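Okay, structure first, notes after.
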Amino acid sequence: MAWPDPLTTCSNTITVSGGAGAEGSRFATHRDSRRMRQLAILGGHPAFAEPLHVGRPNVGSEEQFLALTQQVLASRRFTNYGPLVAQFERQISERLQVEHCVVVNNATSGLALAAIALGLSGSVIVPAFGFIATAHAMRLAGLRVLFADIDPRTHHIDCASVLARIEPDTSAVVAVHLWGNPCDIAPLEQLCEERGMKLLFDSAQAFGSTCDGVPVGGFGNAEVFSFHATKAINSFEGGAITTRDAALADKLRLLVNFGFAGEDQIDSWGINAKMPEVCAAMGITSLASADAIFAHNLRIHDAYAAHLRGTEGLALLPYPRNEANSRNYVVLTVTDAFPLDRDALYHVLRAENVLARRYFNPAGHQAEPYRHLSENRRLTLPATERACREVLCLPTGTSITIDQVQRICEIIASAGEQAAAIRDAHALPEERVDAAGR
Ligand code: T4K
């Protein structure tokens, strides 16, 4: 089968064979100095004394966080919908221009509770490529998970694959705005409407993103965001469910708090999915720095793009310039045209203390507890499986500097040049590779 090649089919994709230009010549200078040092996987010293992470938390103003935390301590109001959670919810609603926001302890419970509040039953369709929490949350809600393939250019759930996966009891599609880029929202809305299915968006990675200039948050029946420590905007752990549906929001408020509608009134089943005040303090602090964090990530992404341009076989997933996006992920695709495969490059980088991540591997249908189910045993989802093999996320965030990006890209280029030697080293047992690296 001839694959649509992300290197050539993405109009924005950053890849030019042998591109000259200003960036090209600047890179050539670094290439000369790069030859001076031996790669760590081949016995040299790691390029970085301390590990560089993909998900190092952004902090924002420590003063603001400490002041809010002192407020929490002084008030003795630690949880159960205190003033900071209420403020955080208001700020999220305002920023996302959506009427209702219910803050929760994390996106995984938010997704499960949203599914329950929507009254989903039977099976739901979920993209197979993505963080496993999407599927796990549906299972937690008592639903059967059907995995669909992705569009290889965007890594978003593919509408044709959704159609093929629909079963008589399918009640919803759970689409993921992967990498913060919005999915193909309009076709999904149309498809779900025609089939009488609900549409839930897993927007865990998409806080601050826009779709045609409209903030993600008010699409479908509901959207669920994550404020996990590794997200651009974090509340240590946390999440939020946003919706335009007032009745749904009311239901969610009960589900999040044991079903309590008042001190002595229990109106429904529910769990404890509340966010503590100290987490809201971090969320508010983080939100105050959102624009600065996003701007930093944009500069980092641009630096990667400039340095990797001209390296055959490597492509960065593009972010449309006219849309907002936290650019919390620098998504590198390592294709067969690069002399090393993705896993070898991953080990090269780890040896240098660059903790790149193979997000997202394995695919949902190839992971437990799904892979042994009869519907998944023979399921083949080619675009998903290819992405699982080729994608490598590189460090970004406010703890990463432009200079570090340059050095990471130099390592990647050196790795390409010394591929044969690395492949030999990489054929060693895993322990030896690790011993060489970290
Ligand atoms: N849906 C989607 C599409 C998602 O991406 C996620 C979460 C969810 C749903 C569920 O949201 P939550 O229930 O978590 O709110 C991380 C995050 O734990 C996870 O939240 C995130 N997606 C996923 C993409 O990444 P891991 O297992 O890769 O995290 P971990 O602990 O390996 O951390 C990544 C890197 O960050 C490491 O190099 C260490 C560094 N790190 C991490 C933490 C937690 C730090 O430096 N400091 C820290 O405090 O899953």
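Note that ligands are numbered from 1 as they come in the structure, with each ligand's atoms numbered from 1 the same way. All values reported here derive from a predicted model rather than from experimental measurement. Side-chain atoms are counted along with the backbone in the values below, which use heavy atoms only and exclude waters and symmetry mates. All residue numbers in this chain count up from 1 along the given sequence.
Residue-ligand proximity: His177 is placed with every non-hydrogen atom at 4.0 Å or more from ligand 1. Taking 4.0 Å as the cut-off, Pro57 counts as a neighbour of ligand 1 on heavy-atom distance. Contact annotation: Lys231 has at least one heavy atom less than 4.0 Å from an atom of ligand 1. Residue Leu355 places every heavy atom at 4.0 Å or more from ligand 1. Under a 4.0 Å heavy-atom criterion, Tyr329 is in contact with ligand 1. Ligand 1 lies less than 4.0 angstrom from a heavy atom belonging to Phe360. Gly110 does not count as a contact of ligand 1, since none of its heavy atoms falls under 4.0 Å from the ligand.
Atom CD in Gln71 sits 9.0 Å away from atom CD in Glu277 (nearest 0.5 Å).
Ring pair His136/Tyr370: centre-to-centre distance below 6.0 Å.
Nearest residue to atom 29 (O) of ligand 1 from Tyr359, Phe131, Phe236 is Tyr359 (criterion: closest heavy atom). When the heavy-atom distances from atom 41 (N) of ligand 1 to Ser235, Pro51, Gly55 are ranked, the shortest goes to Gly55. Looking at Cys393, Ala229, Ser226, it is Ser226 that brings a heavy atom closest to atom 15 (O) of ligand 1. Nearest to atom 5 (O) of ligand 1 by heavy-atom distance, out of Glu237, His228, Gln205, is Gln205.
For the residue pair Asn181 and Asn325, a side-chain donor N or O sits within less than 3.5 Å of a side-chain acceptor on the partner. Looking at Lys274 and Asn80, their side chains do bring a donor and an acceptor atom within 3.5 Å of each other.
Shortest contact from atom 38 (O) of ligand 1 to any protein heavy atom: His53 ND1, 2.8 Å.
For atom 31 (O) of ligand 1, the nearest protein heavy atom lies 4.0 Å or farther away.
Taking the charged nitrogens against the carboxylate oxygens, Glu167 and Arg144 do have a contact shorter than 4.0 Å, which makes a salt bridge. The existence of a salt bridge linking Glu50 and Arg56 is excluded, since no basic side-chain nitrogen approaches an acidic carboxylate oxygen closer than 4.0 Å. Using a cut-off of 4.0 Å between Lys/Arg side-chain N and Asp/Glu carboxylate O, Arg37 and Glu410 are scored as not salt-bridged.
When the options Arg371, Glu385, Glu375 are evaluated for a side-chain contact (heavy atoms from CB on, under 4.5 Å) with His365, the one that passes is Glu385.
Here the side chains of Leu113 and Lys251 are not in contact, with every heavy-atom distance at 4.5 Å or above. In this structure, Val214 and Phe219 have side chains that are in contact, with non-hydrogen atoms separated by less than 4.5 Å.
Contacts between Arg357 and ligand 1, counted as non-hydrogen atom pairs separated by less than 4.0 Å, involve the side chain only. At a 4.0 Å heavy-atom cut-off, ligand 1 touches Ala133 through the side chain alone.
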